[in-house]
Amino acid sequence: MKYTTRQSAILLLSDGTIFHGKSIGISGKTFGEVCFNTGMTGYQEIFTDPSYFGQIMVATNAHIGNYGVNDLEIESDSVKIAGLVCKNFSFNYSREDSSGSLEDYFIKENLICISDVDTRALVSYIRDNGAMNAVICTDGTSVEDLKKELANVPNMEGLELASKVSTTEPYFFGDENATYKISALDLGIKKNILRNLAKRDCYIKVFPYNSTYKDLAEFNPDGYFLSNGPGDPDPLFGAIEVAKEIIKNDNPLFGICLGHQIIALANGVKTYKMFGGHRGINHPVKNLLTGKGEITSQNHGFAVKREALDGHPELEITHVHLNDDTVAGMRMKNKNCFSVQYHPEASPGPHDSSYLFDQFVENIKLVAAKTI
């Protein structure tokens with residue numbers, strides 16, 4: 001095998017901590033909030049998930065790139081992470097249905113990446129010190145200059161990012177002859193969410209993040225959906241107003257992740273920036289309504305304040321995260337509205353929670369039966 005030398009690279013954290021590694025090959029620097037995902041598979045889906053926009057991803061799996069890429073395994077039209085940190089990057093790949101190498105994919109997407117990093121030490125450091133901004137540098141810029149640039153990068157708290165990943169024009173997904181019509185507000189929607197709705201006999205019209213309730217209602221939908229997405233939910237005043245209108249009219253409403261947080265804010269329940277966040281495909285959740293456990297796929301750095309939900313007159317907690325007792329799901333007591341803080345479409349991840357899409361459709365059917 002031919003030996004190839006690679007450029008030295010560094011990961012500089014905002015507190016001044018430096019981790020050393022090697023460049024994957026793309027020269028430059030990239031900034032974002034550093035976070036980690038514990039999934040052992042599904043790296044391409046993770047890299048293209050719009051919820052990760054503005055974040056430098058640390059892969060805890062020791063091998064990244066070993067099975068290449070596949071054009072069908074994307075959650076959006078481009079890579080959304082700001083950069084990648086990994087231990088072992090596989091320039092060679094092996095899988096029958098791969099369409100190319102991860103290296104070539106990164107070159108096409110111009111993604112800056114550092115490998116040969118002690119990711120176990122890095123993840124342990126993040127777990128102890130919390131999520132923070134960082135920069136990957138592969139072009140030799142001095143540490144002092146990087147510190148100055150990094151100091152000007154805004155913190156994730158208070159940062160509105162849905163506008164960076166949302167569609168700019170409405171579009172349709174699924175069979176136009178399907179039984180049910182769904183208006184979906186795109187705050188950073190994943191393709192597999194649309195696939196899950198479509199295979200349940202739904203035709204979806206996807207709207208830009210800044211659409212109004214009137215815009216969504218003109219499609220005459222049977223139900224409404226608020227999607228996942230990146231950033232802080234607090235600045236999304238328009239989306240919060242849309243949720244308020246949907247709830248006021250008692251239209252069937254389902255929210256996932258950022259959509260879940262928007263529904264909370266629409267009900268006067270505050271959200272908060274988590275110390276480290278939840279990102280992985282093996283998070284344990286308990287359904288308080290059934291008593292059953294679920295292994296879930298999660299990706300979020302903000303959460304709904306549990307103390308604000310306890311005793312709330314309109315909301316009740318339906319799911320809890322078993323690792324830290326944070327709110328993983330809720331529903332309105334007198335309205336056709338529910339939401340979860342994790343990904344029932346699970347791409348990648350287990351399918352324990354796919355029943356939530358069935359629940360949404362059942363809620364729509366109940367409304368339809370009352371109007372007949």
Side-chain angles (χ1 to χ4, degrees), residues 49-53 75-76 160-167 173 182-197 202 204-213 215-216 221 223-248 251-271 277-278 285 296-305 309 315 317-319 326-332 335-347 353-354 356-357 359-361 363-364:
D49 181 350
S51 295
Y52 282 121
F53 184 86
E75 290 299 328
S76 65
E160 185 279 298
L161 293 176
S163 60
K164 308 295 184 183
V165 296
S166 178
T167 182
F173 190 96
I182 307 295
S183 283
L185 190 65
D186 178 13
L187 306 173
I189 199 164
K190 293 175 66 178
K191 288 185 180 293
N192 208 43
I193 289 174
L194 296 174
R195 296 186 196 108
N196 269 275
L197 289 170
C202 295
I204 309 103
K205 186 173 184 179
V206 183
F207 292 83
Y209 82 103
N210 56 354
S211 300
T212 65
Y213 174 72
D215 294 331
L216 273 66
Y224 293 80
F225 177 77
L226 303 181
S227 84
N228 62 291
D232 191 335
D234 221 36
L236 291 170
F237 307 114
I240 295 168
E241 285 304 313
V242 168
K244 286 181 178 179
E245 288 293 318
I246 297 170
I247 292 167
K248 183 176 74 173
N251 305 126
L253 175 61
F254 180 26
I256 288 177
C257 286
L258 186 57
H260 161 83
Q261 296 158 16
I262 293 295
I263 290 171
L265 290 168
N267 281 282
V269 175
K270 298 296 185 181
T271 59
H278 294 152
V285 163
T296 67
S297 175
Q298 302 206 5
N299 167 22
H300 58 99
F302 291 81
V304 174
K305 288 188 175 182
L309 282 177
L315 292 166
I317 299 171
T318 58
H319 300 75
T326 51
V327 177
M330 63 186 185
R331 70 178 180 181
M332 297 195 68
K335 298 288 184 179
N336 197 337
C337 170
F338 74 104
S339 61
V340 291
Q341 184 62 85
Y342 53 95
H343 286 272
E345 82 287 349
S347 179
S353 308
S354 61
L356 291 163
F357 291 103
Q359 181 179 322
F360 181 39
V361 174
N363 287 352
I364 291 172

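Residues take their numbers from the sequence shown, with the count starting at 1. Bear in mind that the values here come from a model prediction, so they are computed numbers and not experimental data.
- Here Leu185 contributes atom CG and Ile262 contributes atom CD1; the two are 8.5 Å apart, rounded to the nearest 0.5 Å.
- Ser227 and Leu187 get closest at one heavy-atom pair: OG-N, 2.8 Å.
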**OP:** Give the C-alpha distance, both sets of side-chain angles, the deciding distance and a yes or no for side-chain contact (heavy atoms from CB on, under 4.5 Å) between Asn363 and Phe338.
**Re:** CA-CA 10 Å; Asn363 287 352; Phe338 74 104; 3.5 Å; yes
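- A donor-acceptor pair shorter than 3.5 Å cannot be found between the side chains of His343 and Ser297.
- Across all their heavy atoms, Cys202 and Ile204 have their closest contact at O-CD1, 3.7 Å.
- Between Phe254 and Phe360, the ring planes are tilted. Angles from 30° to 60° get that label.
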Original post:
What do the steps show when you test Leu236 against Leu258 for side-chain contact (heavy atoms from CB on, under 4.5 Å), and what is the final call?
Top reply: CA-CA 10 Å; Leu236 291 170; Leu258 186 57; 3.8 Å; yes
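- Interatomic distance, Ser339 OG to His260 NE2, rounded to the nearest 0.5 Å: 5.0 Å.
- Counting only N and O atoms by type, the side chains of Asn251 and Asn336 include no donor and acceptor under 3.5 Å apart.
- Put simply, OG on Ser76 and CD1 on Ile189 are 11.5 Å apart, with the number rounded to the nearest 0.5 Å.
- Between Ile247 and Met332 the shortest heavy-atom distance is CG2-SD, 3.6 Å.
- The shortest heavy-atom contact between Tyr342 and Val285 is CE2-CG1, 4.0 Å.
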**OP:** List the steps and the verdict of side-chain contact (heavy atoms from CB on, under 4.5 Å) for Lys305 and Thr271.
**Re:** CA-CA 5 Å; Lys305 288 188 175 182; Thr271 59; over 6 Å; no
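- Take Lys164 and apply the side-chain contact (heavy atoms from CB on, under 4.5 Å) test, not counting sequence neighbours, and it matches Phe53, Leu161.
- Shortest non-hydrogen contact noted between Leu315 and Asn267 is CD1-CB, 3.7 Å.
- The closest side-chain heavy-atom distance from Cys337 to Ile263 is below 4.5 Å.
- For the pairing with Gln341, the side-chain hydrogen bond (donor to acceptor under 3.5 Å, both in side chains) check across Gln261, His278, Gln298 returns one residue only, Gln261.
- Taking the six-membered ring for Trp and the full ring otherwise, the centers of Tyr224 and Tyr213 sit less than 6.0 Å from each other.
- For the pair Ile182 and Lys205, the minimum side-chain heavy-atom distance is 4.5 Å or more.
- Considering all non-hydrogen atoms of both residues, Pro230 and Val165 come closest at CD-CG2, 3.7 Å.
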**OP:** I would like to know whether Leu265 and Asp234 meet side-chain contact (heavy atoms from CB on, under 4.5 Å); could you show each step before the answer?
**Re:** CA-CA 8 Å; Leu265 290 168; Asp234 221 36; 3.6 Å; yes
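- Put simply, the side chain of Thr167 never gets that close to the backbone of Pro208: no donor and acceptor are under 3.5 Å apart.
- We find the CD1-CD distance between Ile246 and Glu241 to be 11.5 Å, quoted to the nearest 0.5 Å.
- For the atom pair CZ of Phe225 and CG of Leu216, the computed distance is 12.0 Å after rounding to the nearest 0.5 Å.
- A side-chain hydrogen bond (donor to acceptor under 3.5 Å, both in side chains) check over residues 183-194, counting only residues at least two apart or in different chains, returns the pairs Lys190-Glu345, Asn192-Arg195.
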